[in-house]
Asks: 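Pasting in a structure now, in structure tokens, and then I'll have a few things to ask.
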Amino acid sequence: MEKEYFMREAIRLSVENVNSGKGGPFAALVVKDGKIIASGTNLVTSSNDPTAHAEITAIRNACKVLNSFQLEGCEIYTSCEPCPMCLGAIYWARPTRVYYGNRQADAAAIGFDDSFIYDEIALPQSSRSLPQEQLLPEEALKAFVQWKNKEDKTEY
Ligand SMILES: [Zn+2]
């Protein structure tokens, strides 16, 4: 299958998602060995889940299909360039490549502007609009020490 075939399918699902009223105009596919193994659409408003972006939904569905926490050998086709959250999730899932349709600027033009998150990430913590404060660091380290010393852990 051609790359454009998969992108057209992602675009078709994004249009369908608008018509269904389930969420924003976004959809994503996970492709492995030339086959679509899972898809996902934006379900933020219908599932009351701010993390239910198309890419996240597609990654979750694909990982279930593969019974794995990694998208080894997979490609992601998303109808729009990933936001910072999805980009982070994509890095964690470790697919081999990402194709996108719309650009971030196209999303910003219709009210989905994620540039403020990129701006925030670039700022020192003390200058961000979301206050963050460290509490109980010594107690929090207990789990890390336990993990470091655990012999039968599943690393990722
Ligand atoms: Zn996203």
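As the structure is a prediction and not an experimental result, all values here were calculated from the model. Atoms within each ligand, like the ligands themselves, are counted from 1 in listed order.
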Asks: Val30 and Asn61: side-chain contact (heavy atoms from CB on, under 4.5 Å), yes or no, with the steps?
Replies: CA-CA 9 Å; Val30 177; Asn61 291 339; over 6 Å; no
Asks: Are Phe69 and Thr154 packed together at the side-chain level, in the sense that at least one heavy-atom pair is separated by less than 4.5 angstrom?
Replies: yes
Asks: Can you run down the ring pair (Phe, Tyr, Trp, His ring centres under 6.0 Å) pairs that involve residues 101-131, sequence neighbours left out, and say none if there aren't any?
Replies: Phe26-Phe112
Asks: Please test Asp49 against Ile56 for side-chain contact (heavy atoms from CB on, under 4.5 Å), starting from the C-alpha separation and ending with a verdict.
Replies: CA-CA 11 Å; Asp49 180 353; Ile56 302 273; over 6 Å; no
Asks: So what's near the Zn ion (ligand 1), protein N, O or S atoms under 2.8 Å?
Replies: His53 ND1, Cys83 SG, Cys86 SG
Asks: Can you check whether Asn17 reaches Pro25 side chain to side chain, under 4.5 Å on heavy atoms?
Replies: no
Asks: Just by distance, no angles: are the side chains of Glu120 and Ser129 close enough, under 3.5 Å, to form a donor-acceptor pair?
Replies: yes
